[in-house]
Structures are given as structure tokens and as C-alpha cells.
Amino acid sequence: MKILLTGSAGFIGFHTAKALLARGDNVIGLDNFNPYYDPKLKEDRNAQLLKEKNFTLVRGDITDRKTVAKAMRGVDRVCHLAALAGVRYSFEHPEEYIANNIQGFFEVIDEVKKQEIPGLVYASSSSVYGDNTKFPLSEGDRTDSQLSLYGQNKKDNELMAHTYHHLYGFPVTGLRFFTVYGPWGRPDMALFLFTDAILHDRPINVFGQGKMQRDFTFVEDIVAGIVASVDKNYPEEVFNLGCGRKEELMTYIATVEKACGKEAKKNFLPMHPGDVTVTDADISKARKMLGFEPKTMIEQGVPRFVEWYRKYYGV
Ligand SMILES: NC(=O)c1ccc[n+]([C@@H]2O[C@H](COP(=O)([O-])OP(=O)(O)OC[C@H]3O[C@@H](n4cnc5c(N)ncnc54)[C@H](O)[C@@H]3O)[C@@H](O)[C@H]2O)c1
């Protein structure tokens with residue numbers, strides 16, 4: 001297939017592109033290499049993709065309709081992962097979130113409709129569950145109370161996708177990712193911050209006094225779920241993609257310490273208002289309909305990240 005992949009220089013986009021290319025798909029990557037985090041990391045991921053003959057990069061912005069229209073021409077599927085992905089940054093720069101995550105999503109989905117592309121898969125988030133306290137979180141549970149503008153953006157994307165599907169009939173699948181980690185991971189996320197601080201003998205910030213629990217999902221497992229969604233191309237679905245095993249934050253930190261071979265100096269802090277206390281995915285729907293089966297637990301996945309980090313940064 002020929003697939004337009006937005007956010008191809010991003011963490012999940014890069015791994016998704018590699019998997020699609022490895023099985024022989026043609027991938028058109030679209031990314032604006034924004035400076036939300038070090039663009040060098042994006043450039044380095046992208047340089048790897050450019051070595052593949054079936055990969056083409058469009059350097060541009062999803063909020064620019066002309067760019068989106070040109071990149072989309074003649075593709076079989078659109079996989080839309082580009083977004084501003086940090087929860088906390090959405091408190092400081094709400095306007096950027098509306099532009100990239102709402103307007104940007106609209107430009108992509110409206111162009112899918114216009115060009116009659118036969119399938120759209122897009123990234124949603126576990127953040128749509130907001131302050132829900134019924135666990136594990138299932139797709140049918142309430143998603144009407146988000147705790148951040150980022151969570152609201154993702155819920156808005158799901159509603160827009162539902163409406164477009166209802167009106168125009170093309171297949172749309174939304175994927176609610178649960179805390180994704182792995183090699184080439186994002187510098188603003190916990191695993192990167194912990195590893196970086198521990199290896200440089202700086203204290204780590206432990207939010208929520210270490211009482212939070214997270215369903216941490218290894219990036220290769222997420223990619224398997226994305227690729228299966230692209231292939232199944234269901235008329236209209238939303239899936240949880242998580243590991244299906246929740247971990248105490250302190251257990252996660254102990255796993256990072258073990259992989260780094262050092263104990264962390266810990267700076268315990270209260271919860272950030274945008275954070276949820278627990279995420280815990282019910283993945284039975286994805287198991288059944290996508291054949292989704294997470295293979296990598298934190299005991300294997302965290303050391304793989306630390307190994308990558310040490311090699312990439314020479315620490
Ligand atoms: N990583 C996670 O744990 C997680 C969890 C839930 C949902 N998600 C979602 O998954 C998707 C991918 O996340 P990620 O972790 O790979 O983040 P990332 O920031 O590494 O990747 C996003 C990419 O999109 C690009 N981008 C952003 N705005 C753009 C625009 N206007 N035009 C073109 N490109 C643009 C960025 O430059 C970046 O390379 C996002 O939609 C994110 O919200 C991620």
C-alpha cells in the first residue's frame with residue numbers, strides 16, 4: 001500500500017514507518033520537525049527512514065491544506081500521528097494545541113473526505129478517559145471529563161472522526177495509546193527524564209509522591225496495533241492500545257535504576273493538575289479484533305531504552 005504517515009519524524013511515527021517499510025509498503029512521511037523537543041532527534045530518526053527506497057519525506061505542516069492535499073494524493077491509507085503530544089505543555093501553550101491538534105486534525109480528515117481516501121487511522125490517547133475512576137478502562141467507558149486541553153483535543157478528534165464517518169462513510173479508526181516508551185523515545189517523557197537524570201547524577205522528579213500507576217506500553221507493541229488497524233480498516237472503531245498491565249510508578253523507577261546500574265536521588269512532588277492517578281487499559285477489544293498481543297513488559301522494554309540512550313548520547 002501507499003500510506004501517508006503524519007508525524008513520521010516523531011517517536012511513534014518513526015517506528016511505525018520502519019514497520020510499514022519493512023513489509024514493503026510505500027510511506028510518505030509528513031512532519032514539520034517542530035522544536036517542542038530537540039529537533040535533532042527527529043532529524044536523526046528521519047535520516048534512518050530516508051535510507052529506505054520506499055520512503056519519501058514531505059517537510060511541512062498539517063495545518064497547511066495545500067501541503068496536506070499534495071502529500072495525500074493517490075494514497076491508499078492515511079495514518080495520522082502528528083500532534084503536540086505533551087500533556088503538561090498544553091497548560092503553557094493552549095493556542096498551539098488548538099492549532100496543531102484541532103485545526104491540524106481537521107485539515108487531515110477533511111482532505112481524506114475530499115480525496116475519498118479509503119481509510120484513516122489516527123492517534124487518540126488514554127487521556128480521553130480523564131478523571132474516570134472505573135478500572136480497567138474500556139472503550140465504552142465515559143470520556144466526558146478530560147483533565148487537560150490535550151485530553152480534550154483527543155476527545156474532540158474522536159468526535160470529529162465519528163461525525164465525518166457518519167456523514168461521508170469512509171473508514172476511521174482511533175487508537176487510544178497508553179504511555180508509550182522505547183528506544184528513540186521522547187525527551188519530555190518519564191523514562192527519558194529518569195534515565196537522563198540518573199546517568200548524570202541529577203535527582204529525578206517523582207510526581208504524585210510516587211503513588212501514580214501507569215499502563216506502560218512498549219513502542220513495538222503499539223506499532224503492531226497501528227499496523228493491524230491499517231490492515232483491518234474497520235468502518236468505525238476506537239481501540240485501547242495498552243500493555244494491559246498497570247505498574248506502580250516506584251516499580252517503574254526501580255526498573256530504570258536497575259537498567260542504569262544506579263539508584264536515583266528522588267525529589268517527591270505533588271500531582272500535576274493534568275495528571276491522572278491511574279491508567280489501566282482493558283485491551284480485550286483490540287485482542288479480539290486486531291489480534292493485538294503485547295509482548296514486551298517493562299522488565300525487557302526499559303533496558304532496551306536505556307541501552308539505546310547510552311549508545312545515542314554516548315553516556
Ligand atoms: N507517546 C505516547 O505515550 C502517546 C500516548 C498517547 C497518545 N500519543 C499520540 O501519538 C501520536 C504520536 O506521539 P509521539 O509520542 O510519537 O510524539 P512526537 O512528538 O514524538 O511525534 C509527533 C510528531 O508530529 C510532528 N508534528 C506535530 N505537529 C505537526 C504539524 N502541525 N505538522 C506536521 N508535523 C507535526 C512533530 O514534529 C513530531 O515529529 C501523537 O498524536 C500523540 O498525541 C502518544
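In each ligand, atom 1 is the first atom listed, and ligand 1 is the first ligand listed. FYI, the numbering just counts along the sequence from 1.
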Review point. Is Tyr97 reaching over with its side chain to a backbone N or O of Gly86, donor-acceptor style, under 3.5 angstrom?
Key: yes
**Study point:** Set of residues that line ligand 1, where lining means a heavy atom lies under 4.0 Å from it
**Key:**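 Ligand 1 pocket, heavy atoms under 4.0 Å: Gly7, Ala9, Gly10, Phe11, Ile12, Asp31, Asn32, Phe33, Asn34, Tyr37, Lys42, Gly60, Asp61, Ile62, Leu81, Ala82, Ala83, Ala85, Asn100, Ala123, Ser124, Ser125, Tyr150, Lys154, Phe177, Thr179, Val180, Arg186, Met189.
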Practice item. Please name the residue in the list Ile3, Asn233, Val230, Val227 that meets the side-chain contact (heavy atoms from CB on, under 4.5 Å) test with Val121. Key: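 Exactly one candidate clears the test, Val230.
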Check your understanding: If you measure only the distance, is there a donor-acceptor pair under 3.5 Å linking the side chains of Glu220 and His15?
Key -> no
Review point. Do Tyr312 and Asp44 meet the criterion of a side-chain donor-acceptor pair at a distance under 3.5 Å?
Key: yes
Practice item. Take Tyr181 and Phe305 through the ring-ring contact (aromatic ring centres under 6.0 Å, His included) test and state the conclusion after the steps. Key: CA-CA 8 Å; Tyr181 73 97; Phe305 172 82; 8.2 Å; no
Point to revise | Salt bridge Arg142-Asp131, side-chain N to carboxylate O under 4.0 Å | key: yes
